[in-house]
Colleague: 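The structure's right below; bear with me while I get my questions together.
Convention: sequence-line order gives letters A, B, ...; per-chain numbering from 1. Since this is a predicted model, take the numbers as computed values, not measurements.
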Protein chains: 2
Amino acid sequence: MTVTSRVPLADLAALLADGTRARFCLALLDGRAWTAGELARHAGVAASTASEHLSLLVRGGILAEERQGRHRYVRLAGPRVAQLIEDLAAHADLAVPAPPPPTLRAASSAKAMAAARTCYDHLAGRLGVAVTDALTARGLLRQDTGFALSDDGLAWFTADLGVRLAPRGRRPMAKACLDWTERRHHLAGVAGAVLCATLLERGWVTRIGTGRALRVTPVGAHALEDLLGIGGEAAAGS
Amino acid sequence: MTVTSRVPLADLAALLADGTRARFCLALLDGRAWTAGELARHAGVAASTASEHLSLLVRGGILAEERQGRHRYVRLAGPRVAQLIEDLAAHADLAVPAPPPPTLRAASSAKAMAAARTCYDHLAGRLGVAVTDALTARGLLRQDTGFALSDDGLAWFTADLGVRLAPRGRRPMAKACLDWTERRHHLAGVAGAVLCATLLERGWVTRIGTGRALRVTPVGAHALEDLLGIGGEAAAGS
DNA sequence: GGGATCGTGCGGCGCCCGCCGAAACATTCG
DNA sequence: CGAATGTTTCGGCGGGCGCCGCACGATCCC
């Protein structure tokens, strides 16, 4: 009988408390849109099962959907949920030290991911942390008293990188995001997204295959060395 | 058969996906330690049920326990989990606009909470946001390019407030925490915790009853006006 | 139009898990 | 020591939910 009024927190958590739905969300952390079928295969469940899960996640505000023809494209609803899931995953993985990957293929993939990857819409992995460190060392990013760009940092985006860094809604300009391989913070927020988009646009980094993993191109390595003094391992192509 | 390797994210979310466990965590957001019995009564379940829930939460790293005699005291495991739960709750409450409180007592309590309360170990509610705004307006806290104290801000804590602001482990000095009544950010992190602790120690604010709600004392109102130019409604006692 | 592909609604099955009460254990107090 | 109180363990019950297969509608391609 205990009707026990609903607890919003529990309802939200319940959406992520299922292995299959969690796998969906983790896959979608690459920031791109997937079709229902792709996700079903990725998680190893029947299409009908995936369909129901997606409806729940959309209704719960975790995912946004976009229908095109016979496809149902689905992506994370926004940077906020992406951050939330990333935080949750980071916390969960801290408790469970990653077991050694079973297959060679998985090991190689894990290695590439650890080197450089996207985290929703910004850089992560050793590359992401290296960029964050370089910005900090040069006084462009302040981490000792919080996490914010300095005035020099603002100027760097405009003058050195050559991109406009405009406020976007209520999203913070700079934000710390916990890197789950490096166990340190890397740059997220508007600045992180703009930086990542710029690197991709200019071909300084490219995606490896269809996943989240990135590779620094030779041109990119030069540019990163030039702009931030990043060289060697962190900028190495895979 | 589908053994489907575990998904840490889902395991963590599952801990919070139950109404009773969620109620426990939300109650513990006051930052203090509760006994198992108190939580059981608070959530309206049998002691045996609460006991099992607590064991799960402790094993999952959400809660830390401390046994004293026949009592089992339990509190949130640390600022990190507190922040996680707060984020999750904030996101959940955004989707579900709070229904009007059913009872007069609840309404009065909600009013006090909205005015001033603790959020784990820092200030929240209109008071928390007012303090954050005042710090920002005076150039002590930078919010336009992220969220960090300025050098003036560091000096303010030492010279004006008269407290040492030392780094504590890996916890960030300043951090934005989403206020679920004001729907804006307030100051968290080491600085937020130190500030809140100082205000409580000096009797500038006091707890109302046993909950999270706070009241600004007359002495406190003067001090806040003095230090930050905060007056009127935000500093009003209740 | 015909055949392949993609997504969805519906039963039905099975299991997990949250709940309680009763009994046992631990601690404090008189 | 005995009573009172707080907590834990154990069965057992019931409901919720994640899974599939199948049938069907929609869409795209040839």
Colleague: Output the rounded distance in Å from CD (B:E52) to P (D:dG12).
Modeller: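 Atom CD in B:E52 sits about 15 Å away from atom P in D:dG12.
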Colleague: Only one of A:E65, A:E66, A:E38 passes salt bridge (charged side-chain N to carboxylate O under 4.0 Å, His left out) with A:R72; say which it is.
Modeller: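 Only one of A:E65, A:E66, A:E38 forms a salt bridge (charged side-chain N to carboxylate O under 4.0 Å, His left out) with A:R72, namely A:E65.
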Colleague: Side-chain N or O of B:T20 versus OP1/OP2 of C:dC19: is the shortest distance under 4.0 Å?
Modeller: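 Looking at the OP1 and OP2 atoms of C:dC19, one of them is under 4.0 Å from a side-chain N or O of B:T20.
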Colleague: Polar-atom pairs under 3.5 Å, protein N or O versus N or O of nucleotides 14-17 of chain C: list them with distances, or write none.
Modeller:
none

Colleague: By nearest heavy atom, map A:G69 and A:T49 onto DNA chain D; which one lands nearer the 5' end?
Modeller: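 Final value for this comparison: A:T49.
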Colleague: A side-chain contact here means heavy atoms from C-beta on lying under 4.5 Å apart; do B:L123 and B:L214 qualify?
Modeller: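 SC-SC contact between B:L123 and B:L214 confirmed.
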Colleague: Would you say that B:T35 contacts B:Q68 through its side chain, given a criterion of any heavy-atom pair below 4.5 Å between the two side chains?
Modeller: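 They are not in side-chain contact.
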Colleague: Can a donor-acceptor pair be found, under 3.5 Å and without considering hydrogens, that links the side chain of A:T198 to the backbone of A:V194?
Modeller: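 It does hold such a pair.
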Colleague: Taking NZ, NE, NH1 and NH2 as the nitrogens, is one of them in B:D179 or B:R117 under 4.0 Å from a carboxylate oxygen of the other?
Modeller: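 Yes, this pair counts.
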Colleague: Return the value, rounded to whole Å, for the distance between atom CZ of B:F24 and atom P of D:dT7.
Modeller: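 Nearest whole value for this atom pair: 11 Å.
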Colleague: Between D:dG16 atom P and A:L15 atom CG, what is the distance in whole Å?
Modeller: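 So the CG-P distance, A:L15 to D:dG16, works out to 17 Å.
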Colleague: For nucleotides 1-6 of chain C, tabulate all protein N/O to nucleotide N/O atom pairs closer than 3.5 Å, reporting atom names and distance.
Modeller:
residue, atom, partner, partner atom, Å
C:dT5, O2, A:R70, NH1, 2.8

Colleague: More 5' along DNA chain D: A:Q68 or A:L56, using each one's nearest nucleotide?
Modeller: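 Mapping each residue to its closest nucleotide by heavy atoms, the 5'-most match is A:L56.
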Colleague: When the distance from CG of A:L57 to C1' of C:dT8 is rounded to whole Å, what number comes out?
Modeller: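 Taking CG of A:L57 and C1' of C:dT8, I get 16 Å after rounding.
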Colleague: Can a donor-acceptor pair be found, under 3.5 Å and without considering hydrogens, that links the side chain of B:R212 to the backbone of B:T118?
Modeller: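 It does hold such a pair.
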Colleague: To the nearest Å, how far apart are B:R67 CZ and D:dT5 C1'?
Modeller: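 Interatomic distance, CZ of B:R67 to C1' of D:dT5: 16 Å.
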Colleague: Do the non-hydrogen side-chain atoms of A:V205 and A:T217 ever get within less than 4.5 Å of each other?
Modeller: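 Contact flag for A:V205/A:T217 side chains = no.
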Colleague: Name the one of B:L26, B:D18, B:T20, B:L16 that satisfies side chain to side chain contact (heavy atoms under 4.5 Å, CB included) with A:V7?
Modeller: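 Result for side chain to side chain contact (heavy atoms under 4.5 Å, CB included) with A:V7: B:L26.
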Colleague: With a 3.5 Å distance limit and no angle check, can you tell me whether B:T181 reaches the backbone of B:G125 through a side-chain donor-acceptor pair?
Modeller: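 Absent.
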Colleague: Using heavy atoms to find the nearest nucleotide of DNA chain C for B:H53 and A:S51 separately, return the residue whose nucleotide is more 5′.
Modeller: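 The answer here is A:S51.
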Colleague: Counting distance alone, no hydrogens or angles: does the base of C:dG7 have a donor or acceptor under 3.5 Å from a partner atom on the side chain of A:S48?
Modeller: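 Not at all, since no donor on one side and acceptor on the other fall under 3.5 Å apart.
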Colleague: What's the OH-P distance between B:Y73 and C:dT27, to the nearest Å?
Modeller: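 Rounded to the whole Å, the gap is 15 Å.
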